[in-house]
> 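Before I ask anything, here is the structure I am working with.
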Amino acid sequence: MYTIGQVAKFLGVSRDTLKYYEEKGLVKPEHDAHNGYRKYNEYDIQDVITTNFYREIDIEIKKIQEIRQNMSVVDLESILEEKEEQIVEELEYKSLLLKKIRSVKEACNKINNHLGKYTIKEMGPLEVVGNITDYKAYNEYEMLKINTEEKAVTLKSARRVIYFDQKGMKEDHFVIVREMGDPEHNDNGGILYHPQCMYMVIENGRAVDGGESMDQEVGERLLKIARENGYELAGVTYINILLTTYVDGLERVFLEVYTPLK
(Lines give C-alpha, C1' and ligand atoms only; values in the text may rest on other atoms or scores of the structure.)
Protein backbone atom coordinates (compact mmCIF):
# COMPACT_ATOMS: atom_id res chain seq x y z
CA MET A 1 0.00 0.00 0.00
CA TYR A 2 1.20 3.49 -0.79
CA THR A 3 0.53 6.95 0.64
CA ILE A 4 -0.85 9.86 -1.39
CA GLY A 5 2.58 11.48 -1.31
CA GLN A 6 4.24 8.39 -2.75
CA VAL A 7 1.66 8.01 -5.53
CA ALA A 8 1.94 11.69 -6.39
CA LYS A 9 5.70 11.28 -6.72
CA PHE A 10 5.47 8.02 -8.71
CA LEU A 11 2.99 9.38 -11.25
CA GLY A 12 3.98 13.03 -11.49
CA VAL A 13 0.66 14.46 -10.35
CA SER A 14 -0.18 16.71 -7.43
CA ARG A 15 -1.89 15.65 -4.22
CA ASP A 16 -4.76 17.98 -5.15
CA THR A 17 -5.19 16.16 -8.46
CA LEU A 18 -5.37 12.79 -6.69
CA LYS A 19 -7.93 14.18 -4.26
CA TYR A 20 -9.93 15.60 -7.20
CA TYR A 21 -9.92 12.22 -8.96
CA GLU A 22 -11.16 10.66 -5.76
CA GLU A 23 -13.88 13.29 -5.39
CA LYS A 24 -15.09 12.45 -8.91
CA GLY A 25 -15.11 8.72 -8.19
CA LEU A 26 -12.28 7.92 -10.59
CA VAL A 27 -10.06 6.38 -7.92
CA LYS A 28 -11.17 4.94 -4.56
CA PRO A 29 -8.26 4.48 -2.14
CA GLU A 30 -8.87 3.07 1.33
CA HIS A 31 -8.76 5.41 4.30
CA ASP A 32 -6.97 4.31 7.44
CA ALA A 33 -9.55 3.80 10.20
CA HIS A 34 -7.28 5.41 12.81
CA ASN A 35 -5.84 8.48 11.08
CA GLY A 36 -7.86 8.82 7.87
CA TYR A 37 -4.76 8.65 5.68
CA ARG A 38 -5.31 7.39 2.16
CA LYS A 39 -3.83 4.04 1.18
CA TYR A 40 -3.44 3.23 -2.53
CA ASN A 41 -3.09 -0.33 -3.84
CA GLU A 42 -1.89 -1.31 -7.31
CA TYR A 43 -5.41 -1.14 -8.76
CA ASP A 44 -5.89 2.38 -7.43
CA ILE A 45 -2.61 3.39 -9.03
CA GLN A 46 -3.75 1.86 -12.32
CA ASP A 47 -6.98 3.88 -12.09
CA VAL A 48 -4.94 7.05 -11.69
CA ILE A 49 -2.74 6.12 -14.65
CA THR A 50 -5.81 5.42 -16.80
CA THR A 51 -7.41 8.72 -15.80
CA ASN A 52 -4.15 10.53 -16.61
CA PHE A 53 -4.16 8.82 -20.02
CA TYR A 54 -7.59 10.17 -20.93
CA ARG A 55 -6.88 13.61 -19.48
CA GLU A 56 -3.73 13.78 -21.65
CA ILE A 57 -5.97 13.69 -24.72
CA ASP A 58 -8.28 16.26 -23.10
CA ILE A 59 -11.21 13.95 -22.42
CA GLU A 60 -13.49 15.64 -19.88
CA ILE A 61 -13.88 14.19 -16.40
CA LYS A 62 -17.57 13.53 -17.06
CA LYS A 63 -16.67 11.46 -20.13
CA ILE A 64 -14.03 9.54 -18.17
CA GLN A 65 -16.71 8.75 -15.59
CA GLU A 66 -18.85 7.37 -18.44
CA ILE A 67 -15.91 5.32 -19.74
CA ARG A 68 -15.64 3.66 -16.33
CA GLN A 69 -19.28 2.58 -16.53
CA ASN A 70 -19.00 -0.49 -18.78
CA MET A 71 -18.29 1.48 -21.95
CA SER A 72 -17.48 -0.57 -25.05
CA VAL A 73 -14.70 0.18 -27.53
CA VAL A 74 -17.38 1.31 -30.01
CA ASP A 75 -18.72 3.78 -27.45
CA LEU A 76 -15.19 4.99 -26.76
CA GLU A 77 -14.62 5.53 -30.48
CA SER A 78 -17.74 7.69 -30.55
CA ILE A 79 -16.35 9.88 -27.75
CA LEU A 80 -13.02 10.17 -29.56
CA GLU A 81 -14.71 11.13 -32.84
CA GLU A 82 -16.69 13.81 -31.02
CA LYS A 83 -13.48 15.11 -29.47
CA GLU A 84 -11.74 15.04 -32.84
CA GLU A 85 -14.50 17.15 -34.43
CA GLN A 86 -14.22 19.66 -31.58
CA ILE A 87 -10.45 19.95 -32.02
CA VAL A 88 -10.77 20.39 -35.80
CA GLU A 89 -13.25 23.24 -35.23
CA GLU A 90 -10.87 24.83 -32.71
CA LEU A 91 -7.97 24.52 -35.14
CA GLU A 92 -9.99 26.14 -37.92
CA TYR A 93 -10.89 29.01 -35.58
CA LYS A 94 -7.27 29.38 -34.41
CA SER A 95 -6.07 29.34 -38.02
CA LEU A 96 -8.52 32.13 -38.92
CA LEU A 97 -7.53 34.09 -35.81
CA LEU A 98 -3.83 33.72 -36.68
CA LYS A 99 -4.58 34.97 -40.21
CA LYS A 100 -6.32 38.05 -38.78
CA ILE A 101 -3.49 38.78 -36.33
CA ARG A 102 -0.93 38.55 -39.11
CA SER A 103 -3.09 40.87 -41.20
CA VAL A 104 -3.02 43.49 -38.42
CA LYS A 105 0.75 43.07 -38.10
CA GLU A 106 1.00 43.63 -41.85
CA ALA A 107 -1.11 46.78 -41.45
CA CYS A 108 1.35 48.06 -38.81
CA ASN A 109 4.19 47.41 -41.23
CA LYS A 110 2.41 49.30 -44.01
CA ILE A 111 1.91 52.28 -41.71
CA ASN A 112 5.56 52.28 -40.67
CA ASN A 113 6.76 52.12 -44.28
CA HIS A 114 4.18 54.12 -46.24
CA LEU A 115 2.61 56.73 -43.97
CA GLY A 116 2.70 59.95 -45.97
CA LYS A 117 4.92 58.38 -48.66
CA TYR A 118 3.79 57.02 -52.00
CA THR A 119 4.98 54.03 -53.99
CA ILE A 120 3.72 52.12 -57.04
CA LYS A 121 2.09 48.77 -56.31
CA GLU A 122 -0.62 46.36 -57.40
CA MET A 123 -4.16 46.41 -56.01
CA GLY A 124 -6.26 43.29 -55.74
CA PRO A 125 -7.64 41.12 -57.00
CA LEU A 126 -10.76 41.74 -54.96
CA GLU A 127 -14.22 40.37 -55.64
CA VAL A 128 -17.07 42.86 -55.23
CA VAL A 129 -19.80 41.10 -53.25
CA GLY A 130 -22.07 43.97 -52.25
CA ASN A 131 -22.59 47.69 -51.74
CA ILE A 132 -23.45 50.09 -48.96
CA THR A 133 -24.37 53.71 -49.56
CA ASP A 134 -22.09 55.15 -46.84
CA TYR A 135 -20.03 54.01 -43.89
CA LYS A 136 -22.62 55.67 -41.64
CA ALA A 137 -25.46 53.67 -43.27
CA TYR A 138 -25.63 51.41 -40.22
CA ASN A 139 -28.92 49.84 -41.26
CA GLU A 140 -27.08 48.38 -44.28
CA TYR A 141 -24.32 46.71 -42.25
CA GLU A 142 -26.13 43.37 -42.44
CA MET A 143 -24.73 43.19 -45.98
CA LEU A 144 -21.22 43.15 -44.50
CA LYS A 145 -22.00 40.22 -42.22
CA ILE A 146 -23.71 38.22 -44.97
CA ASN A 147 -20.94 38.60 -47.54
CA THR A 148 -17.76 38.39 -45.44
CA GLU A 149 -16.15 36.20 -42.76
CA GLU A 150 -16.88 38.86 -40.13
CA LYS A 151 -19.25 37.83 -37.34
CA ALA A 152 -19.14 41.38 -36.01
CA VAL A 153 -18.77 44.41 -38.28
CA THR A 154 -15.24 45.84 -38.54
CA LEU A 155 -15.45 47.61 -41.94
CA LYS A 156 -12.28 45.77 -42.98
CA SER A 157 -14.06 44.55 -46.12
CA ALA A 158 -15.48 47.94 -47.11
CA ARG A 159 -13.84 50.09 -49.77
CA ARG A 160 -14.70 53.68 -50.53
CA VAL A 161 -14.58 54.29 -54.28
CA ILE A 162 -14.03 57.91 -55.34
CA TYR A 163 -14.32 59.08 -58.94
CA PHE A 164 -12.55 62.34 -59.79
CA ASP A 165 -11.11 64.51 -62.54
CA GLN A 166 -8.82 67.54 -62.63
CA LYS A 167 -11.57 69.69 -61.13
CA GLY A 168 -12.02 67.44 -58.09
CA MET A 169 -14.26 64.68 -56.78
CA LYS A 170 -17.25 63.76 -58.94
CA GLU A 171 -18.95 61.02 -56.90
CA ASP A 172 -18.25 58.25 -54.44
CA HIS A 173 -19.80 55.04 -53.11
CA PHE A 174 -18.84 52.05 -50.97
CA VAL A 175 -18.35 48.46 -52.05
CA ILE A 176 -17.91 45.28 -50.03
CA VAL A 177 -15.06 43.10 -51.20
CA ARG A 178 -13.24 39.90 -50.40
CA GLU A 179 -9.83 38.69 -51.47
CA MET A 180 -9.58 36.14 -54.24
CA GLY A 181 -7.04 34.34 -56.41
CA ASP A 182 -5.63 35.12 -59.82
CA PRO A 183 -8.04 37.47 -61.68
CA GLU A 184 -7.03 35.94 -65.03
CA HIS A 185 -8.74 32.70 -63.98
CA ASN A 186 -12.04 34.27 -62.97
CA ASP A 187 -14.75 35.29 -65.43
CA ASN A 188 -16.76 37.22 -62.85
CA GLY A 189 -17.16 40.82 -63.97
CA GLY A 190 -17.22 42.18 -60.42
CA ILE A 191 -13.47 42.08 -59.93
CA LEU A 192 -11.30 44.98 -58.78
CA TYR A 193 -7.77 44.57 -60.04
CA HIS A 194 -5.21 47.19 -61.02
CA PRO A 195 -1.62 46.15 -61.75
CA GLN A 196 -0.21 49.64 -61.11
CA CYS A 197 -1.46 52.12 -58.53
CA MET A 198 -0.09 55.07 -56.63
CA TYR A 199 -0.20 53.73 -53.10
CA MET A 200 0.14 55.49 -49.78
CA VAL A 201 -1.09 55.44 -46.21
CA ILE A 202 -2.70 58.58 -44.79
CA GLU A 203 -4.26 59.34 -41.42
CA ASN A 204 -7.29 61.21 -40.23
CA GLY A 205 -9.76 61.05 -37.37
CA ARG A 206 -10.47 63.40 -34.49
CA ALA A 207 -6.97 63.01 -33.04
CA VAL A 208 -5.50 64.27 -36.33
CA ASP A 209 -7.88 66.74 -37.95
CA GLY A 210 -10.79 67.08 -35.57
CA GLY A 211 -12.91 64.81 -37.75
CA GLU A 212 -12.98 67.18 -40.71
CA SER A 213 -13.08 65.79 -44.25
CA MET A 214 -9.68 65.42 -45.91
CA ASP A 215 -11.07 64.65 -49.38
CA GLN A 216 -9.91 67.88 -51.02
CA GLU A 217 -6.48 67.83 -49.41
CA VAL A 218 -5.85 64.19 -50.36
CA GLY A 219 -7.15 64.74 -53.89
CA GLU A 220 -4.87 67.72 -54.44
CA ARG A 221 -1.91 65.76 -53.15
CA LEU A 222 -2.58 62.83 -55.49
CA LEU A 223 -2.88 65.13 -58.49
CA LYS A 224 0.33 66.94 -57.49
CA ILE A 225 2.28 63.65 -57.23
CA ALA A 226 0.91 62.55 -60.62
CA ARG A 227 1.90 65.83 -62.30
CA GLU A 228 5.41 65.83 -60.82
CA ASN A 229 6.06 62.24 -61.90
CA GLY A 230 4.28 62.21 -65.25
CA TYR A 231 1.65 59.69 -64.17
CA GLU A 232 -1.70 59.53 -65.97
CA LEU A 233 -4.41 58.69 -63.43
CA ALA A 234 -7.42 56.52 -64.21
CA GLY A 235 -9.78 58.89 -62.39
CA VAL A 236 -10.67 56.58 -59.48
CA THR A 237 -9.31 56.02 -55.98
CA TYR A 238 -9.98 53.19 -53.53
CA ILE A 239 -9.72 53.83 -49.80
CA ASN A 240 -10.07 51.43 -46.90
CA ILE A 241 -9.48 51.52 -43.16
CA LEU A 242 -6.15 49.92 -42.35
CA LEU A 243 -6.02 50.41 -38.58
CA THR A 244 -7.47 52.58 -35.83
CA THR A 245 -5.62 53.61 -32.68
CA TYR A 246 -6.40 56.28 -30.09
CA VAL A 247 -4.72 59.38 -28.68
CA ASP A 248 -6.24 60.72 -25.47
CA GLY A 249 -9.46 58.88 -26.29
CA LEU A 250 -9.71 60.31 -29.82
CA GLU A 251 -9.43 58.02 -32.82
CA ARG A 252 -6.44 58.09 -35.13
CA VAL A 253 -7.51 56.32 -38.33
CA PHE A 254 -4.96 55.06 -40.82
CA LEU A 255 -6.28 54.74 -44.36
CA GLU A 256 -4.87 52.78 -47.28
CA VAL A 257 -5.18 54.64 -50.60
CA TYR A 258 -4.87 53.03 -54.04
CA THR A 259 -5.06 55.30 -57.09
CA PRO A 260 -4.79 53.31 -60.35
CA LEU A 261 -2.66 54.52 -63.24
CA LYS A 262 -3.72 54.28 -66.88
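Just so you know, these numbers come straight off a predicted model, no measurement behind them.
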> Where do A8 and S14 come nearest, in terms of heavy atoms and distance?
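Shortest heavy-atom contact: CB-C, 4.3 Å.
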> For a quick test of reading the model, state the closest non-hydrogen atom pair linking I132 to E140 and the distance between them.
CA-OE1, 3.1 Å
> List the residues meeting salt bridge (Lys or Arg N to Asp or Glu O under 4.0 Å) with E23, not counting sequence neighbours, and say none if there are none.
none
> Enumerate the ring pair (Phe, Tyr, Trp, His ring centres under 6.0 Å) contacts for residues 9-65, please, sequence neighbours excluded, ordered by first and then second residue.
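Listed once each, the pairs are Y2-F10.
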> D44 side chain to N41 main-chain N or O, any donor-acceptor pair under 3.5 Å?
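Side chain of D44 to backbone of N41, a donor-acceptor pair under 3.5 Å: yes, one is there.
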> Under the side chain to side chain donor-acceptor pair (under 3.5 Å) definition, can you give me all pairs with a residue in residues 164-177, not counting sequence neighbours?
R160-D172
> Would you call the rings of H194 and Y238 parallel, tilted or perpendicular, where under 30° means parallel and over 60° means perpendicular?
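Judged by the thresholds at 30° and 60°, the geometry between H194 and Y238 is tilted.
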> Just checking K9: does its NZ atom have more than 12 heavy atoms from other residues, nucleotides or ligands closer to it than 6.0 angstrom?
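No, not enclosed.
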> Check the pair E42, Q46 against side-chain hydrogen bond (donor to acceptor under 3.5 Å, both in side chains), reporting the backbone distance first and the verdict last.
CA-CA 6 Å; E42 62 180 294; Q46 184 59 47; over 6 Å; no
> If we count only N and O atoms by modelled type, under 3.5 Å, do the side chains of Q65 and Q69 hold a donor and an acceptor together?
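No donor-acceptor contact under 3.5 Å links the two side chains.
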> Count the heavy atoms of every other residue, nucleotide or ligand shown that sit under 6.0 Å from CD of E90, and state whether that count exceeds 12.
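Counting neighbours around CD of E90, more than 12 heavy atoms of other residues, nucleotides or ligands fall under 6.0 Å, so yes.
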> Taking it one step at a time, do D75 and S78 satisfy side-chain hydrogen bond (donor to acceptor under 3.5 Å, both in side chains)?
CA-CA 5 Å; D75 293 331; S78 177; over 6 Å; no
> Do R252 and E203 sit within salt-bridge range, that is, some charged N less than 4.0 Å from a carboxylate O?
yes
> What's the verdict on side chain to side chain contact (heavy atoms under 4.5 Å, CB included) for L126 and I191, showing C-alpha distance, side-chain angles and the deciding distance?
CA-CA 6 Å; L126 301 170; I191 304 300; over 6 Å; no
> What closest approach, in Å, do C197 and M123 show between heavy atoms, and which atom pair accounts for it?
SG-CB, 3.8 Å
> Enter the distance from K224:NZ to E228:CD here, rounded to the nearest 0.5 Å.
3.5 Å
> With no hydrogens and no angle check, do the side chains of E122 and Y199 hold a donor and an acceptor under 3.5 Å apart?
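Judged by distance alone, the side chains do not pair up.
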> Just do the side-chain hydrogen bond (donor to acceptor under 3.5 Å, both in side chains) check on Q86 and E82 with the steps written out, would you?
CA-CA 6 Å; Q86 178 186 335; E82 181 182 323; over 6 Å; no
> Rounded to the nearest 0.5 Å, how far apart are CD1 of I59 and CD1 of I79?
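Rounded to the nearest 0.5 Å, the CD1-CD1 separation comes out at 6.5 Å.
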> Could you tell me whether the side chain of Q6 and the main chain of T3 form a donor-acceptor pair under 3.5 Å?
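Pair found, side chain donor or acceptor close to backbone of T3.
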> What pairs with E60 under salt bridge (Lys or Arg N to Asp or Glu O under 4.0 Å), at least two apart in sequence or on another chain?
K83
> Identify whether the distance between the nearest side-chain nitrogen and carboxylate oxygen of E30 and R38 falls below 4.0 Å.
no
> Between R68 and L26 (side chain of the first, backbone of the second, donor and acceptor by atom type, cut-off under 3.5 Å), is there such a pair?
yes
> Do you see a donor-acceptor pair shorter than 3.5 Å between the side chains of Y118 and N229?
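Indeed, the side chains of Y118 and N229 share at least one donor-acceptor pair under 3.5 Å.
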> What closest approach, in Å, do P260 and V236 show between heavy atoms, and which atom pair accounts for it?
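Closest approach of P260 to V236: CD-O, 3.0 Å.
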> Which atom pair, heavy atoms only, marks the closest approach of E22 to P29?
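Scanning both residues completely, I find the closest heavy atoms to be OE1-CG, 3.7 Å.
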> Starting from the C-alpha separation in whole Å, work towards a yes-or-no answer on side chain to side chain contact (heavy atoms under 4.5 Å, CB included) for V7 and L18.
CA-CA 9 Å; V7 175; L18 292 173; 4.0 Å; yes
> Quick one: closest heavy-atom pair of V257 and T259, and the distance?
CG1-OG1, 3.9 Å
> Tell me, please, which residues at least two apart from Y141 pass ring-ring contact (aromatic ring centres under 6.0 Å, His included).
Y138
> So K156 and S103, side-chain hydrogen bond (donor to acceptor under 3.5 Å, both in side chains) or not? Walk me through it.
CA-CA 11 Å; K156 178 177 173 56; S103 175; 3.0 Å; yes
> Is the count of non-hydrogen atoms from other residues, nucleotides or ligands lying under 6.0 Å from N109 atom CG greater than 12?
yes
> Do M198 and M169 sit in one hydrophobic cluster, given that two such residues count as connected whenever their side-chain heavy atoms are within less than 4.5 Å of each other, even indirectly?
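Yes, it is one cluster - the side chains of M198 and M169 are joined through contacts under 4.5 Å.
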> Say you draw a straight line from CG of L233 to CG of L261; how long is it, rounded to the nearest 0.5 Å?
6.5 Å
> How does the hydrophobic cluster around I87 look, that is, which other residues are in it when side-chain heavy atoms under 4.5 Å mark a link?
L91
